[in-house]
Amino acid sequence: MKESYFPQEIEKKWQKIWDETDAFKTYNNSDKPKYYALSMFPYPSGKLHMGHVRNYTITDVIARFKKAQGYNVLHPMGWDSFGLPAENAAMKHGADPETWTDENIAYMTKQLKMLGLSYDWDREVTTCKPDYYKWTQWLFLQLYKKGLAYKKEAAVNWCENCATVLANEQVIDGKCWRCDGVVEKKYLSQWFLKITDYADVLLNDLDKLPGWGDNVKTMQANWIGKSHGAILKFKVVEKDMEIPVYTTRPDTAYGITYLVVAPEYKDIEALTTPEQKAAVEEYRANARKMTEIERLSTDRVKTGVPLGTHAINPFTGEKFPLWTADYALVEYGTGAVMAVPTHDTRDFDFAKKYNLPMKVVIQNPEKPSDCKDEAYTESGVLVNSGEFNGMSNEDAKKAITEKVVKGGFGEFKTQYRLRDWLISRQRYWGAPIPVVYCDKCGIVPVDEKDLPVMLPKDVDFKVVGKSPITTSKSFAETTCPYCGGPARRETDTMDTFMCSSWYYLRYSDAKNSEKPFDKDLVNKWLPVDQYVGGIEHAILHLLYSRFFTKALRDLGLLDFDEPFKNLLTQGMVLKDGSKMSKSKGNTVDPDEIFENYGADTARLFILSDSPPARDFDWSDAGVEGCYKFLNRVWRLIASNSQYITLNYQLSNTLRKDNDDLVRIVHMAIKGITNDISNDFQFNTVISKYRELTNAIYDWQSKKSQPDEEDKNVLSFAIIALIKLMSPVAVHLTEEAWHELGAKTSIHDEPWLEWDENLAKASSITLVVQVNGKVKDKIEVDEALSQDELKEIALNSPKIKELTAGHEIVKVIVVPKKLVNIVIK
RNA sequence: GCUCCAGUGGCGGAAUCGGUAGACGCGUUGGACUUAAAAUCCAAUUGGGUGAAUAGCUCAGUGCCAGUUCAAGUCUGGCCUGGAGCACCA
């Protein structure tokens with residue numbers, strides 16, 4: 001065996017062998033229980049970054065560990081390859097987005113192989129290929145037939161920079177998630193998916209996911225935003241009309257002093273008097289011009305215009321004015337709000353500014369407020385509220401709504417913040433939406449046998465202000481599948497999140513050309529047992545995928561209702577305390593690390609310093625330290641190779657000096673197995689590799705002339721170390737294993753078992769406390785009874801000295817651990 | 001404003017159930033080997049006090065303030081700081 005560790009040489013050699021022998025191929029038929037380990041697939045942007053390295057290493061170690069534990073493991077990889085960067089690159093360089101994407105995939109595939117990841121490449125999926133997007137389109141058609149995909153004219157988010165619309169989830173602080181450009185509102189006819197039909201089940205089923213972190217679950221719950229309230233309808237005085245409002249505070253109904261409708265409210269023109277028409281029109285025009293950021297800023301001084309009309313409060317018979325103001329949102333509730341300035345901070349600000357009346361209806365009996373300086377929004381007791389006076393406001397919510405229902409002017413109502421998912425994109429590089437428009441038949445879905453609707457090649461990527469796809473001469477013109485007459489194709493493509501909402505299902509049957517996947521296979525492999533990826537997808541991808549799974553279950557395509565059983569959201573990779581980014585110039589190129597230290601060092605280091613869920617600070621010294629450690633392990637193996645036999649068996653009776661090392665090995669097996677099983681604490685796993693290595697070196701330094709028993713024990717310890725390290729240092733352990741004479745892969749060896757009797761120290765240290773402070777430590781036999789431990793503690797010279805002259809109030813004995821003596 | 005997460009040496013972090021705080025590593029310091037360097041190996045490394053001392057003894061210490069307990073990094077209540085998400089959602 002070579003004395004020195006040459007990672008580059010070893011790694012290339014084994015990667016080639018694994019590739020040639022299909023070492024990581026997964027077979028569908030196996031008696032073993034299944035385990036599906038999945039990393040979020042990457043966008044092929046060009047090169048891997050350290051975030052990818054961290055993500056894929058974590059999942060790879062999990063996959064290898066589970067395989068060694070006897071599972072039939074599915075561990076696939078693919079490409080989320082539609083999307084704007086390819087199109088932007090095409091515009092810049094005049095290249096075809098497909099060529100650009102293919103080149104990136106080829107390069108990144110090479111990098112993934114260099115990392116030694118155990119993927120079954122036969123199941124690779126690439127979302128921009130016709131054999132994949134055919135099924136994305138097919139699934140769209142199924143959703144359409146089920147009424148879950150529909151087209152409507154709506155106020156949508158428009159990013160001028162990207163020249164496309166965006167889903168609500170893709171607007172971050174009023175800006176585009178991708179380019180940071182300011183998002184505007186536009187009125188366009190667009191395709192939506194009815195995710196709101198699933199709002200309640202998406203919320204409730206979060207309880208079925210104990211394997212997800214609370215942070216992700218709360219983020220989803222907040223996004224869905226369920227609230228309980230009531231619809232109240234108000235009669236308009238001047239017209240024969242009713243205005244419904246949604247409120248969570250029906251208890252404040254006696255305090256209404258005006259009512260606000262959004263500038264985009266559908267009946268606003270009918271509600272405006274001729275005298276107010278000009279002012280209202282101007283206000284609405286201004287609102288239209290505003291960006292989302294301006295419009296939604298809570299700091300902004302509230303503005304509004306009276307419509308000139310009035311409505312009646314059914315509780316009091318009072319007449320109050322109608323206003324329009326842009327603090328009312330047309331998309332939420334009914335687009336109209338009842339205003340109670342005394343008990344809502346927004347209404348309060350508005351009423352102050354326009355000098356509108358206020359009426360207190362809720363009071364804290366201990367500390368009554370006149371609400372002259374601020375709104376009182378806490379709970380309290382009703383006043384000025386007729387028959388409800390004296391009732392607590394929580395009870396009044398129900399009582400008042402019941403009265404409303406009885407009176408026929410309203411109802412109980414549950415409202416969600418979640419909006420339908422806008423999936424149209426005015427871009428080229430995505431899956432075309434498979435519908436056509438016929439003058440006679442209207443919207444007509446493309447016939448399934450005509451899928452895929454292929455992306456055209458004859459397009460001009462440099463076109464400005466419209467989607468490149470519209471420049472194709474061949475694409476738009478078609479015939480109607482119903483009447484055969486002339487028709488136009490939909491030129492919008494689908495949001496890339498459509499493609500990524502079902503890719504994990506396709507891996508179960510990646511090559512199926514008849515269906516998106518076979519039902520038996522998808523039911524066999526899914527749900528994903530462990531999903532690993534970044535927290536940035538907490539809402540977007542993870543919510544859409546949950547929706548897709550539920551919708552496809554309702555379509556009868558599969559039998560489970562949650563796609564990801566356990567979710568690990570890994571932290572970011574930082575350098576010098578901030579996120580690695582090109583603009584900050586603090587990136588570390590994985591290629592350089594592979595070249596200088598090898599993939600095993602990179603894998604070891606990226607797992608070593610922080611638990612997976614926390615942020616990880618990259619340090620060059622840390623990499624160096626891991627490289628040195630692997631060298632140290634290599635030397636340990638190489639310098640003892642003459643003693644090592646590939647045998648895990650040991651005799652039961654060992655001398656005390658050897659017994660201790662055997663115990664350390666068993667403790668390491670137990671500790672490492674538990675640390676991986678328990679939330680994948682790889683940082684402590686790696687510290688245990690080091691402890692075991694240190695222990696073997698220490699033990700060895702005491703053996704100048706090893707006898708037969710010593711050699712056996714040493715061999716056992718080193719073999720165990722190799723196997724324990726094999727999921728992380730995948731190449732080093734494979735090479736060492738073969739150098740020691742093995743003919744089969746270390747990665748096919750089963751995981752190690754430990755003996756509970758051996759996985760602990762032979763004697764225990766009894767900690768003796770006086771009044772809770774450690775005063776003495778005594779080595780004792782573990783078989784001793786509680787009384788005997790107490791006896792030993794009290795008789796310790798040190799303790800005798802400390803307790804002399806004091807009354808012993810109490811003695812607490814924790815078996816095998818500790819004695820606490822309470823004295824006065 | 002609401003929701004969630006976190007706070008432990010110079011640094012990353014460790015500590016199943018409440019039971020020896022600081023594992024393991026990085027860094028630093030000292031030493032061995034070497035003509036020298038690299039590599040490797042050994043030792044020290046929470047702070048204060050006492051001490052000739054690398055011994056021993058002792059006090060304090062896990063963001064702050066209380067509480068529960070024989071015993072609190074861990075449990076409870078109230079704060080402070082940092083991070084993340086949501087936000088004119090009525």
Side-chain angles (χ1 to χ4, degrees), chain A residues 4 172-173 213-223 225-227 229 245-250 252 260 262 295-300 302 325-329 331-340 343-347 349-350 377 415-419 535-536 538-539 571-572 574 577 605 608-611 613-626 628-629 631-632 635 671 674-675 678 681 683-694 697 701 765-777 809-814 816-823:
Chain A
S4 302
I172 315 287
D173 292 335
D214 283 339
N215 51 347
V216 179
K217 286 193 279 188
T218 352
M219 278 161 75
Q220 291 210 356
N222 288 343
W223 187 262
K226 184 177 188 174
S227 70
V245 304
Y246 172 72
T247 181
T248 53
R249 296 297 304 274
T252 62
V260 174
R295 168 92 190 255
L296 295 178
S297 165
T298 48
D299 309 330
R300 202 163 58 88
K302 292 182 175 39
D326 60 11
Y327 79 91
L329 306 175
E331 316 96 86
Y332 187 74
T334 62
V337 193
M338 65 181 220
V340 185
H343 306 297
D344 180 283
T345 54
R346 295 154 303 181
D347 299 344
D349 293 345
F350 192 81
T377 54
Q415 184 72 39
Y416 299 90
R417 222 187 59 103
L418 184 71
R419 311 285 153 81
I535 186 81
E536 66 272 18
I539 293 172
M572 287 186 297
L574 312 177
F605 176 56
S608 67
D609 269 5
S610 297
R614 265 202 241 177
D615 287 350
F616 175 86
D617 209 338
W618 184 274
S619 86
D620 296 334
V623 184
E624 195 73 38
C626 285
K628 286 180 183 174
F629 172 65
N631 274 283
R632 189 165 144 83
R635 283 196 306 276
N674 288 345
D675 284 355
N678 176 25
Q681 293 179 50
N683 53 330
T684 56
V685 168
I686 284 155
S687 74
K688 284 172 176 117
Y689 292 161
R690 294 177 184 271
E691 282 177 87
L692 178 55
T693 307
N694 291 345
Y697 269 113
S701 69
T765 306
L766 183 71
V767 174
V768 186
Q769 298 179 330
V770 175
N771 286 349
K773 306 217 165 186
V774 179
K775 293 294 173 186
D776 201 6
K777 294 170 192 178
V809 184
K810 203 177 193 181
V811 178
I812 285 131
V813 182
V814 181
K816 298 182 190 179
K817 232 177 209 164
L818 173 143
V819 175
N820 187 13
I821 300 156
V822 187
I823 60 171

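Numbers restart at 1 for each chain; the letters A, B, ... are given by sequence-line order, proteins then strands. These numbers come from a predicted model, not from an experiment.
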**Request:** Tell me the partner of B/G30, counting only Watson-Crick (N1-N3 plus N6-O4 or O6-N4) or G-U wobble (N1-O2 and O6-N3) with both under 3.5 Å; none if nothing fits.
**Result:** B/C42
**Prompt:** Do A/V813 and A/V819 have side chains that get closer than 4.5 Å, going by heavy atoms?
**Reply:** yes
**Prompt:** Hey, is the side chain of A/N222 pairing donor to acceptor with the base of B/C86 inside 3.5 Å?
**Reply:** no
**Complete:** 5'-most contact on RNA chain B (nearest-nucleotide basis), A/S608 vs A/L818, goes to A/S608
**Request:** Go through B/C24, B/A90, B/G19 for me and flag the one nearest to the A/N694 side chain.
**Result:** B/C24
**Asked** Choosing from B/A15, B/G19, B/C4, which nucleotide comes nearest the side chain of A/N215?
**Response** B/C4
**Request:** Look at the side chain of A/K302 and the base of B/C88, then say whether one donor and one acceptor between them are separated by less than 3.5 Å.
**Result:** yes
**Message:** Partner lookup for B/A52, please. Criteria are Watson-Crick or G-U wobble with both distances under 3.5 angstrom; report none if nothing qualifies.
**Reply:** none
**Asked** Does the side chain of A/R249 get closer than 4.0 angstrom to OP1 or OP2 of B/C89 through an N or O atom?
**Response** no
**Prompt:** Of all the nucleotides listed (B/A15, B/U40, B/U20), which has the minimum atom distance to the side chain of A/V767?
**Reply:** B/U20
**Asked** Can a side chain N or O of A/Y332 be found less than 4.0 Å away from OP1 or OP2 on B/A90?
**Response** yes
**Pairing partner of B/A84 (Watson-Crick or G-U wobble, both distances under 3.5 Å)** = B/U3
**Asked** Can you find a donor-acceptor pair, distance only, under 3.5 Å between A/R346 side chain and B/C89 base?
**Response** no
**Message:** Taking only side-chain N and O atoms of A/K817, does any of them lie within less than 4.0 angstrom of OP1 or OP2 on B/U16?
**Reply:** no
**Prompt:** For the side chain of A/S227, counting heavy atoms from C-beta on, which of B/U3, B/G19, B/A90 is nearest?
**Reply:** B/A90
